[in-house]
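Remarks on the structure that follows.
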Amino acid sequence: MSTINRQIRLAARPVGEPRPTDWEHVEEPAAQPGDGEFLVQVLCLSIDPAMRGWMNAGRSYIRPVEIGEVMRAGAVGRVVASRHSGFAVGDHVSGTFGVQEYCLSDGRGVTKVDPAAAPLPTYLGTLGMSGLTAYFGLIEVGRPEPGQTVVVSGAAGAVGSVVGQIAKILGCRVIGIAGGEAKCRMVVDEFGFDAAIDYQSEDVRKALREHAPDGVDVYFDNVGGDVLDAVLLRLARSARVVVCGAISQYNSTKPQGPANYLSLLVNRASMTGIVVFDYADRYAEGIAQMAAWRAEGRLKSLEDVVSGSVAEFPDTLMRLFRGDNRGKLVLKIAD
């Protein structure tokens with residue numbers, strides 16, 4: 001009997017929040033590897049805000065997921081059949097395997113991982129694309145200097161929590177912006193930020209005046225919208241704004257652009273986007289450094305692992321936009 005591969009495919013381009021009708025649940029036989037190929041059983045799926053952008057048509061930093069195509073997703077899995085000289089049955093690997101139970105690969109873009117060195121979900125978070133985005137976005141785009149003030153929005157999320165910790169390692173004062181008392185407490189107590197601002201219950205502009213009296217030297221933005229506008233008013237001279245994401249805007253039918261962008265002019269500041277794929281030739285460098293910090297206990301990783309099946313992907317994705325996750329959100333679909 002052939003192995004059944006359950007998949008989630010994009011059925012329609014969402015308008016606003018994705019709906020159940022935007023997805024197609026498909027079952028088909030798992031492909032068998034030919035020469036130079038191997039079959040991966042997907043164990044854990046990376047759930048990322050960027051997925052919402054990938055569903056839209058139009059030009060972006062990566063081609064959109066097409067209608068009828070398996071939904072794009074980073075994942076970790078195990079090789080279960082192989083006719084590839086570089087990958088053996090039993091190897092654990094990470095790659096863009098998609099929202100499905102099995103994926104056929106020729107090895108391009110696939111990396112071996114060691115489950116004895118770190119839990120598999122960590123290779124989707126701190127030691128994966130989220131961590132690499134934080135690492136290169138902060139160090140190469142934000143360029144923080146010791147003693148400077150770094151502000152991070154989405155501070156309890158997969159990228160933001162790593163950004164803040166790296167900034168502390170580099171000798172900066174770090175302020176996190178997050179939603180809810182519990183997340184703000186976690187940002188300070190577990191991740192070591194100097195202060196946290198609860199955008200749900202505090203006036204962000206007022207809180208920034210208190211916590212960053214001399215201005216913000218580096219702002220790492222994951223949310224956009226009103227929070228971005230508030231921070232723009234507190235920029236220091238020659239500040240750097242790192243645009244990583246805008247999760248507050250992804251499901252909006254009328255996205256809000258920054259109203260206070262002239263602060264960039266007044267403060268001779270810059271606003272620059274970070275796309276982690278631009279640093280692909282340096283991934284090994286970033287992972288090695290973060291693995292070393294993690295081994296030293298200076299960098300903590302937090303994965304919010306939901307156990308379920310491929311069918312639960314649509315509901316799990318919506319947790320991101322409700323702010324229900326803490327750290328890296330992962331859907332575990334097999335042991």
### Query
Looking at side-chain heavy atoms only, is the closest gap between Phe38 and Val80 below 4.5 Å?
no

### Lys/Arg N to Asp/Glu carboxylate O, Arg63 vs Glu69, below 4.0 Å
yes

### Query
How are the rings of Phe136 and Tyr279 set relative to one another: parallel (under 30°), tilted (30 to 60°) or perpendicular (over 60°)?
parallel

### Summary
The reported gap from CG in Leu299 to CD in Glu296 (rounded to nearest 0.5 angstrom) is 10.0 Å

### Message
Using a 3.5 Å distance criterion without hydrogens, assess whether the side chain of Arg72 forms a donor-acceptor pair with backbone atoms of Val99.
### Response
no

### Task
Return yes when atom CD of Glu181 has more than 12 non-hydrogen atoms of other residues, nucleotides or ligands closer than 6.0 Å, and no otherwise.
no

### Query
To the nearest 0.5 Å, how far apart are CG in Leu120 and CG in Asp114?
9.5 Å

### Task
Say whether, by atom type as modelled, one donor and one acceptor occur between the side chain of Arg143 and the main chain of Val141 under 3.5 angstrom.
yes

### Message
Within the 4.5 Å heavy-atom criterion, are Gln165 and Arg298 side-chain neighbours or not?
### Response
no

#### Entry: Contact summary for Ala30 and Leu39, nearest pair of heavy atoms
CB-CD2, 4.5 Å

### Side-chain ion pair, Arg83 and Glu37, N-O less than 4.0 Å
no

### Message
Could you measure the distance from the OG atom of Ser105 to the NE2 atom of His84? Nearest 0.5 Å is fine.
### Response
7.0 Å

### Query
Is the number of heavy atoms from other residues, nucleotides or ligands under 6.0 Å of Phe277 CZ greater than 12?
yes

### Query
Closest heavy-atom contact between Met290 and Ile166?
SD-CD1, 4.4 Å

### Task
Kindly indicate, with the supporting measurements, whether the criterion side-chain hydrogen bond (donor to acceptor under 3.5 Å, both in side chains) is fulfilled by Gln7 and Glu28.
CA-CA 8 Å; Gln7 306 171 326; Glu28 65 179 25; 3.3 Å; yes

### Message
Can you tell me how far apart CD (Gln100) and CD1 (Ile333) are? Round to the nearest 0.5 Å.
### Response
8.5 Å

### Task
With the side chain counted from C-beta on, respond yes when Glu303 and Thr122 share a heavy-atom pair under 4.5 Å apart, and no when they do not.
yes

### Message
Can you give me the closest heavy-atom contact between Ala134 and Val159, atom names plus distance?
### Response
CB-O, 3.7 Å

### Query
Thinking salt bridges, do Asp229 and Arg205 make one under a 4.0 Å N-O criterion?
no

### Task
Would you kindly confirm whether Leu233 and Val266 end up in one hydrophobic cluster when ILVMFWY residues are joined by side chain heavy atoms under 4.5 Å apart?
no

### Task
Apply the test side-chain hydrogen bond (donor to acceptor under 3.5 Å, both in side chains) to residues Asp221 and Ser153: give CA-CA distance (whole Å), side-chain angles for both, the deciding distance (0.1 Å), then the verdict.
CA-CA 5 Å; Asp221 185 34; Ser153 60; 3.1 Å; yes

### Task
Measure across Ser82 and Pro33 and return the closest heavy-atom pair with its distance rounded to 0.1 Å.
N-CG, 4.3 Å

### Message
Contact between Arg6 and His25 at the side-chain level, heavy atoms closer than 4.5 Å - yes or no?
### Response
no

### Query
Under 30°, 30 to 60°, or over 60°: which ring-plane class applies to Phe321 and Tyr250, parallel, tilted or perpendicular?
perpendicular

### Message
Looking at Tyr102, is its backbone amide N or carbonyl O close enough to the side chain of Asn5 to form a donor-acceptor pair, meaning the two atoms are under 3.5 Å apart?
### Response
yes

### Query
Side chain of Ser248, backbone of Val223: donor and acceptor closer than 3.5 Å?
yes

### Task
Kindly give the heavy-atom pair with the smallest separation between Leu320 and Pro49, and that separation in Å.
CD1-N, 3.4 Å

### Query
Taking all atoms of both residues into account, what is the closest heavy-atom pair of Val174 and Ala167, and its distance?
CG2-CB, 3.5 Å

### Query
Is any side-chain heavy atom of Val330 less than 4.5 Å from a side-chain heavy atom of Val76?
no

### Query
Passes side-chain contact (heavy atoms from CB on, under 4.5 Å), Phe191 versus Val162? Steps please.
CA-CA 8 Å; Phe191 296 132; Val162 177; over 6 Å; no

### Query
Where do Arg240 and Gln148 land on the side-chain hydrogen bond (donor to acceptor under 3.5 Å, both in side chains) test, with the steps shown first?
CA-CA 11 Å; Arg240 285 81 66 201; Gln148 291 190 328; 2.9 Å; yes

### Task
Taking only Lys NZ, Arg NE, NH1 and NH2, and the carboxylate oxygens of Asp or Glu, determine whether Arg282 and Glu140 approach each other closer than 4.0 Å.
yes

### Message
A cation-pi test, strictly: NZ or CZ of Lys168 under 6.0 Å from the centre of the six-membered ring of Phe193 and no more than 45 degrees from its axis. Yes or no?
### Response
no

### Query
Under 4.0 Å between a Lys/Arg side-chain N and an Asp/Glu carboxylate O for Arg13 and Glu66?
yes

### Task
Could you check Thr316 against Leu329 for side-chain contact (heavy atoms from CB on, under 4.5 Å), going step by step and ending with a plain yes or no?
CA-CA 8 Å; Thr316 306; Leu329 184 59; 4.1 Å; yes

### Query
Around atom CZ of Arg322, are there more than 12 heavy atoms of other residues, nucleotides or ligands at under 6.0 Å?
yes

### Query
Is a salt bridge present between Asp91 and Lys112, judged by a nitrogen-to-oxygen distance below 4.0 Å?
yes

### Check ion pair Lys328-Asp48 (N to O, under 4.0 angstrom)
yes

### Query
Is the shortest heavy-atom distance from the side chain of Leu232 to the side chain of Pro258 under 4.5 Å?
yes

### Query
Which value, rounded to the nearest 0.5 Å, describes the distance between Leu124 atom CG and Ser94 atom OG?
7.5 Å

### Message
I'd like to know if the side chain of Tyr61 reaches the main chain of Ile274, judged simply by a donor and an acceptor atom lying under 3.5 Å from each other, with no hydrogens or angles considered.
### Response
no

### Whether Trp293 and Tyr135 hold their rings parallel, tilted or perpendicular, with breakpoints at 30° and 60°
tilted

### Query
Would you say the side chain of Val152 lies within less than 4.5 Å of the side chain of Ile175, judging by non-hydrogen atoms?
no

### Task
Determine whether Met129 and Tyr123 fall in the same hydrophobic cluster, where Ile, Leu, Val, Met, Phe, Trp and Tyr are linked whenever their side-chain heavy atoms lie under 4.5 Å apart.
yes

### Task
Return yes if some donor-acceptor pair links the side-chain N/O of Asp304 with the main-chain N/O of Arg326 below 3.5 Å, else return no.
yes

#### Entry: Check ion pair Lys183-Asp198 (N to O, under 4.0 angstrom)
no

#### Entry: Side-chain donor/acceptor of Thr149 to backbone N/O of Arg173, under 3.5 Å
no

### Message
Would you say that Pro29 contacts Thr3 through its side chain, given a criterion of any heavy-atom pair below 4.5 Å between the two side chains?
### Response
no

### Task
May I ask you to decide whether Glu312 forms a salt bridge with Arg319, counting only side-chain N to carboxylate O separations under 4.0 Å?
no

### Query
What is the distance from atom CG of Leu45 to atom CZ of Phe97, rounded to the nearest 0.5 Å?
10.5 Å

